[in-house]
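Sending over a structure as structure tokens; questions will come in a sec.
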Amino acid sequence: FGLTYKRIGVYTFLSLAFIGLAFTAFKILKNKTNFFLIRKNSWALYLVLMALGCYDWDYEIIRHNLSVKTDKHIDYTYLLSLDHSGLPLLKKNMIKDNIEYNQTKVEVDSLLLEYEDRYLQDPKQRLIQKIENLKKDDSSFGIQSFCITRKNVLTQLNY
């Protein structure tokens, strides 16, 4: 696919390597100490990781992979393994691609579901189960576990 966590990690590593090379060149040109290099590279690592953590990458991965598909093959197994923020996009895309979707609840063995959610092979069933789990989690959590993203997703899904 076009965008995955592994690709994001590779681009992050490449950008950090470029920043490290730039600081190394600056250190050599300006006769700075090794402590300067360690300090600057540590701050660069910290700032890049903080900036990456502020963005909803699951939604972006789902949005990007659904928008740039060149053929009809979409790896719904991978996209459904991501966080709940992209569920409205997946539901809309499954309806658009004529993958049968209905509001019936899929009955699954809760013991199996506790250990492995991927045994449901049908993307429609996996989507329905993920939405059901999200609704169940939302009703069981109290005010201390309030999540704006979860509320927005449930609102977009009309629940």
Side-chain angles (χ1 to χ4, degrees), residues 1-97 99 112-138 141 144-157:
F1 260 128
L3 188 62
T4 61
Y5 275 117
K6 190 178 285 187
R7 250 186 213 145
I8 294 169
V10 168
Y11 291 139
T12 302
F13 175 77
L14 287 175
S15 62
L16 287 171
F18 179 74
I19 290 170
L21 287 173
F23 280 134
T24 303
F26 185 77
K27 174 197 174 302
I28 291 170
L29 290 175
K30 299 293 183 180
N31 291 327
K32 298 286 184 178
T33 64
N34 284 337
F35 180 70
F36 165 83
L37 186 62
I38 292 171
R39 185 172 42 97
K40 293 295 183 182
N41 284 336
S42 298
W43 273 107
L45 173 67
Y46 176 72
L47 292 174
V48 166
L49 291 180
M50 289 297 294
L52 288 173
C54 294
Y55 193 72
D56 187 6
W57 288 106
D58 289 330
Y59 179 82
E60 184 60 32
I61 289 170
I62 291 172
R63 187 201 61 76
H64 177 77
N65 288 339
L66 292 177
S67 67
V68 297
K69 61 181 179 179
T70 56
D71 57 0
K72 289 294 181 185
H73 175 70
I74 297 174
D75 189 6
Y76 285 110
T77 304
Y78 172 67
L79 296 179
L80 285 167
S81 70
L82 299 175
D83 196 20
H84 61 268
S85 60
L87 288 178
L89 288 174
L90 286 171
K91 181 180 174 185
K92 185 188 312 180
N93 194 64
M94 285 182 176
I95 292 171
K96 185 176 70 174
D97 284 349
I99 293 179
L112 286 175
L113 188 62
E114 181 180 331
Y115 295 108
E116 184 62 48
D117 188 31
R118 297 175 189 220
Y119 74 94
L120 294 171
Q121 299 298 320
D122 185 22
K124 175 193 67 148
Q125 289 178 339
R126 295 203 57 216
L127 178 66
I128 292 170
Q129 185 60 41
K130 192 156 184 158
I131 292 171
E132 290 295 324
N133 287 343
L134 184 64
K135 288 191 310 189
K136 182 178 68 173
D137 288 346
D138 186 56
F141 290 150
Q144 295 170 336
S145 299
F146 181 75
C147 178
I148 293 174
T149 306
R150 186 172 53 231
K151 285 293 183 189
N152 288 342
V153 167
L154 288 172
T155 303
Q156 290 174 4
L157 292 170

Exercise. Should we count CZ of F146 as having more than 12 external heavy atoms under 6.0 Å?
Worked result: yes
Exercise. Should Y76 and M94 be marked as a side chain to side chain contact (heavy atoms under 4.5 Å, CB included) after you check the CA-CA gap, both sets of side-chain angles, and the distance that decides it?
Worked result: CA-CA 9 Å; Y76 285 110; M94 285 182 176; 3.6 Å; yes
Problem set entry | For L45 against L16, the heavy-atom pair lying closest together | CD1-CD1, 3.6 Å
Problem set entry | Any pair counted as salt bridge (Lys or Arg N to Asp or Glu O under 4.0 Å), so long as it reaches residues 27-42, sequence neighbours left out |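 Output for this query is empty, none listed.
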Problem set entry | Side-chain donor or acceptor of W57 paired with backbone N/O of T4 under 3.5 Å | no
Exercise. Going by distance alone, is a donor N or O of one side chain under 3.5 Å from an acceptor N or O of the other, for Q129 and N133?
Worked result: yes
Exercise. Can you find a heavy atom in the side chain of V48 that is under 4.5 Å from one in the side chain of L52?
Worked result: yes
For this session: In sequence, state the C-alpha distance, the side-chain angles, and the governing distance for H84 and L87, and then conclude on side chain to side chain contact (heavy atoms under 4.5 Å, CB included).
Result: CA-CA 6 Å; H84 61 268; L87 288 178; 4.0 Å; yes
For this session: Take atom CD1 of I148 as the centre, draw a 6.0 Å sphere, and report whether it contains more than 12 heavy atoms from other residues, nucleotides or ligands.
Result: no
For this session: Decide yes or no on side chain to side chain contact (heavy atoms under 4.5 Å, CB included) for L82 and Y5, but give the supporting numbers first.
Result: CA-CA 10 Å; L82 299 175; Y5 275 117; 3.7 Å; yes
Problem set entry | CD on E60 to CG on N65, rounded to 0.5 Å | 9.5 Å
Problem set entry | Ring geometry between F36 and F26 (parallel below 30°, tilted from 30 to 60°, perpendicular above 60°) | tilted
Problem set entry | Check: N93 side chain, L89 main-chain N or O, donor-acceptor pair, under 3.5 Å |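 Answer holds: no.
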Exercise. Looking only at heavy atoms, what is the nearest atom pair of R150 and L134, with distance?
Worked result: CG-CD1, 3.4 Å
Exercise. Between atom CG of L90 and atom CZ of R126, what is the distance when rounded to the nearest 0.5 Å?
Worked result: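 Taking CG in L90 and CZ in R126, the distance rounds to 10.5 Å.
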For this session: Would you tell me whether S85 and D56 have side-chain atoms, one donor and one acceptor, within less than 3.5 Å of each other?
Result: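 A pair is found: one side chain offers a donor N or O, the other an acceptor, under 3.5 Å apart.
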Exercise. Does the side chain to side chain contact (heavy atoms under 4.5 Å, CB included) test come out yes or no for L3 and V68, once each step is laid out?
Worked result: CA-CA 10 Å; L3 188 62; V68 297; over 6 Å; no
For this session: Specify the closest pair of heavy atoms between Q156 and P88, including all atoms of both residues, with the distance to one decimal.
Result: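 It is OE1-CG, 3.0 Å.
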Exercise. Distance from I61 atom CD1 to L66 atom CG, nearest 0.5 Å?
Worked result: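 Rounded to the nearest 0.5 Å, the CD1-CG separation comes to 11.5 Å.
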Problem set entry | Nearest atoms (heavy-atom pairs only) where A44 meets F23 |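 Nearest pair, atom of A44 first, then F23: CB-CE1, 4.2 Å.
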For this session: Please round to the nearest 0.5 Å and tell me the distance separating atom CG of L127 and atom CG of L157.
Result: 8.0 Å
Problem set entry | Gap separating the CD1 atom of I19 from the CH2 atom of W43, nearest 0.5 angstrom |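 Output value for this atom pair is 14.5 Å.
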